[in-house]
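First the proteins, then the strands, lettered A, B, ... as listed; each starts at 1.
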Amino acid sequence: MLKNYTYQAVKGTRDVFPVEAYLYQRLESQARKLLACYGCGEIRTPLLEHARLFERGVGQGTDIVNKEMFFVPSKDQDEDSRKENARQMVLRPEATASVVRAYIEHEMDKVSPGVLRYYYIGPMFRYERPQRGRLRQFTQIGVEVLGSALPMIDAEVIIMLEDFLGSLGLQHLVFLLNAVGCPECRPGYIRKLQVYIRGCQSRLCGDCRLRLDKNPLRVFDCKQPVCRELMARAPVMQDDLCADCALHHEEVLSLLDRAGIKYQKDSRLMRGLDYYTRTVFEVTSSDLGAQNAVAAGGRYDNLVTELGGPPTPAVGWSLGVERILEILPREPDKSRGFFDIYVVSPGADTTRTFFKVMALRRQGLRVGLEHEPKSVKAMMKRADRWGARWALWATSKNPEKVEIKNMANGEQMSVGWEDLPQLVGK
RNA sequence: GUGGGCGUAGCUCAGUUGGUUAGAGUGCUAGGUUGUGGUCCUGGAGGCCGCGGGUUCGAGUCCCGUCGCCCACCCCA
């Protein structure tokens with residue numbers, strides 16, 4: 001809107017002002033509280049990682065590393081090597097690989113033997129075309145549990161997620177579950193699937209013909225009616241699970257049943273990341289647009305060795321904070337209660353009032369004070385808009401006393417400055 | 001990367017087949033109420049109609065370009 005140059009937020013990023021930031025804070029503190037009950041400790045890994053980590057960890061064939069990474073050129077490269085080396089660092093597109101990297105790098109299996117439970121909260125970056133429910137910078141809350149292959153851990157992690165989503169009072173959620181096998185049984189299944197798909201290749205859409213060789217499992221995700229219909233009769237992984245995977249899956253299901261978790265088995269559910277084994281799951285919401293996944297996760301028993309660590313089975317999930325916020329029931333009054341006290345008239349001695357207010361703030365009261373006040377009427381309006389609980393007048397006659405009005409019921413009284421903390425205190 | 005839609009007060013949007021001074025609601029502001037908010041009434045401020053070019057006597061309106069936003073595909077949280 002300015003003449004020549006306008007500064008605006010980078011595409012796919014958003015500014016969050018206090019009213020909305022408050023919603024983030026509440027969601028995050030709820031998550032921290034609940035996850036701590038499950039024994040998860042917070043882990044903070046850098047937003048910057050080497051591209052190699054995700055190429056190896058998430059997988060070369062995935063969109064996330066193929067076309068969605070934000071590359072960060074580093075400063076100390078000379079011009080000649082810049083082009084090549086520019087691919088070295090990226091803003092993290094997800095955090096599982098980072099957590100595993102940190103786990104291996106710090107030899108946590110030796111530092112703290114046993115099952116380790118971590119959670120993280122923070123921004124992720126993916127270079128995608130923005131749309132509803134899809135930002136280039138978005139926030140994830142995630143959990144990673146390392147060190148156990150027991151089905152009970154799968155169940156625990158899933159219950160944790162269910163518990164959290166349930167505590168938010170979200171409606172219209174669907175919990176999808178699948179088993180995707182392991183290196184023992186998956187390759188055989190994929191060959192079988194390819195044979196089936198090849199059989200009806202001519203009827204598939206163009207995209208799916210390409211997927212056939214690159215990643216046949218993705219054909220299950222296709223939304224074309226023709227492909228869906230054909231894939232409805234395709235062989236499913238579940239019938240080809242090896243004995244261990246089948247048993248594991250059964251036990252997870254039985255635990256979830258006993259926990260009273262409602263889920264749908266979905267043999268078409270294929271996570272888009274290469275590292276998943278055995279249990280995968282996804283929570284979707286019909287209140288969102290096309291990007292309807294609220295949370296997703298699964299078991300990744302081979303990722304730690306893949307990244308050079310000791311054999312360490314693991315499970316985890318992550319959820320999209322912005323997507324949660326979008327479907328969270330909105331409260332009508334957003335900025336209610338921002339101030340405990342709002343000064344509508346500083347009186348004759350404004351400096352004195354200034355320091356009185358400072359003293360109240362040091363005692364933990366949230367006090368609003370305008371240094372260039374308008375008419376009292378206007379100030380009252382502001383006090384109301386901020387949702388202040390009390391409006392305050394400093395009186396010129398008696399500087400030790402103030403007039404104070406309860407904004408909720410209109411009652412007004414005269415008290416000393418020193419009485420305020422007790423009167424107003426929560 | 002591919003489609004489709006949309007850019008007009010801070011915000012949500014009207015704006016006739018091109019026509020002279022671009023509107024409403026909300027918000028902001030001042031007053032009605034000589035320190036008192038949430039209702040009501042009255043006044044005021046606030047717009048190069050995204051940007052650039054073209055057609056025309058005349059463009060918010062038509063054409064071209066460009067930038068931006070949104071939605072969908074793809075993919076995912």
Original post:
Above 12 or not: heavy atoms from other molecules or residues under 6.0 Å from CZ of A:R191?
Top reply: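 Atom CZ in A:R191 is not crowded, with 12 or fewer foreign heavy atoms closer than 6.0 Å.
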Subject >> Set of side chain to side chain contact (heavy atoms under 4.5 Å, CB included) partners for A:V195, sequence neighbours left out >> reply: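 Per chain and number, A:V195 pairs via side chain to side chain contact (heavy atoms under 4.5 Å, CB included) with no residue.
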Original post:
With sequence neighbours excluded, what pairs up with A:S148 under the side chain to side chain contact (heavy atoms under 4.5 Å, CB included) test?
Top reply: A:V115, A:L150, A:I153
**OP:** Could you list the residues that satisfy ring pair (Phe, Tyr, Trp, His ring centres under 6.0 Å) with A:Y119, not counting sequence neighbours?
**Re:**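 Applying ring pair (Phe, Tyr, Trp, His ring centres under 6.0 Å) to A:Y119 gives none.
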Subject >> Partners passing ring pair (Phe, Tyr, Trp, His ring centres under 6.0 Å) against A:Y127 (at least two apart in sequence or in another chain) >> reply: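 So A:Y127 forms a ring pair (Phe, Tyr, Trp, His ring centres under 6.0 Å) with A:F70.
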**OP:** Kindly say whether, by distance alone, the side chain of A:D384 makes a donor-acceptor pair under 3.5 Å with the base of B:G38?
**Re:** no
If we take the [atom1] atom in both [N] and [M], what is their distance in whole Å?
{"N": "B:A22", "M": "B:U16", "atom1": "P", "answer": "15 Å"}
{"N": "B:A9", "M": "B:G15", "atom1": "C1'", "answer": "14 Å"}
{"N": "B:U56", "M": "B:C64", "atom1": "C1'", "answer": "16 Å"}

Subject >> Under the side-chain hydrogen bond (donor to acceptor under 3.5 Å, both in side chains) test, residues paired with A:N292 that sit two or more places apart >> reply: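 Counting only residues at least two positions away or on another chain, A:N292 forms no side-chain hydrogen bond (donor to acceptor under 3.5 Å, both in side chains).
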Subject >> For A:R44, all residues meeting side-chain hydrogen bond (donor to acceptor under 3.5 Å, both in side chains), sequence neighbours excluded >> reply: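 A:E42.
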Atom pair distance, as rounded to whole Å: [atom1] in [X] and [atom2] in [N]:
{"X": "A:E94", "N": "B:C75", "atom1": "CD", "atom2": "P", "answer": "18 Å"}
{"X": "A:E282", "N": "B:C75", "atom1": "CD", "atom2": "C1'", "answer": "11 Å"}
{"X": "A:K67", "N": "B:C74", "atom1": "NZ", "atom2": "P", "answer": "11 Å"}
{"X": "A:Q291", "N": "B:A72", "atom1": "CD", "atom2": "P", "answer": "7 Å"}

Subject >> Nucleic acid contacts - residues 126-135 of chain A versus RNA chain B, non-hydrogen atoms under 4.0 Å >> reply: A:R126, A:E128, A:R129, A:Q131, A:R132, A:G133, A:R134, A:L135
Distances under 3.5 Å between protein N/O atoms and the N/O atoms of nucleotides 27-31 of chain B, please, pair by pair.
residue : atom : partner : partner atom : Å
B:C28   : OP1  : A:R385  : NH1          : 2.8
B:U29   : OP1  : A:R382  : NH2          : 2.9

Subject >> Pi stacking test for A:F138 and B:A77: under 5.5 Å apart, planes under 30° >> reply: yes
Just compare [options] and give me whichever is closest to any side-chain atom of [X].
{"X": "A:K11", "options": "B:G35, B:C69, B:A77", "value": "B:C69"}
{"X": "A:A293", "options": "B:G68, B:A77, B:G35", "value": "B:A77"}
{"X": "A:D63", "options": "B:C73, B:A77, B:C74", "value": "B:C74"}

Under 4.0 Å, heavy atoms only, any strand: does [X] hit a base, just the sugar-phosphate, or nothing?
{"X": "A:E322", "result": "nothing"}
{"X": "A:A383", "result": "nothing"}
{"X": "A:W317", "result": "nothing"}

Original post:
In terms of base orientation, is B:G35 syn or anti, with the syn window spanning 90° either side of 0?
Top reply: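 Here the answer is syn: the torsion falls within 90° of 0.
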Original post:
Can you list every pair that meets side chain to side chain donor-acceptor pair (under 3.5 Å) and has a residue in residues 401-411 of chain A, with sequence neighbours left out?
Top reply: A:E403-A:Q412
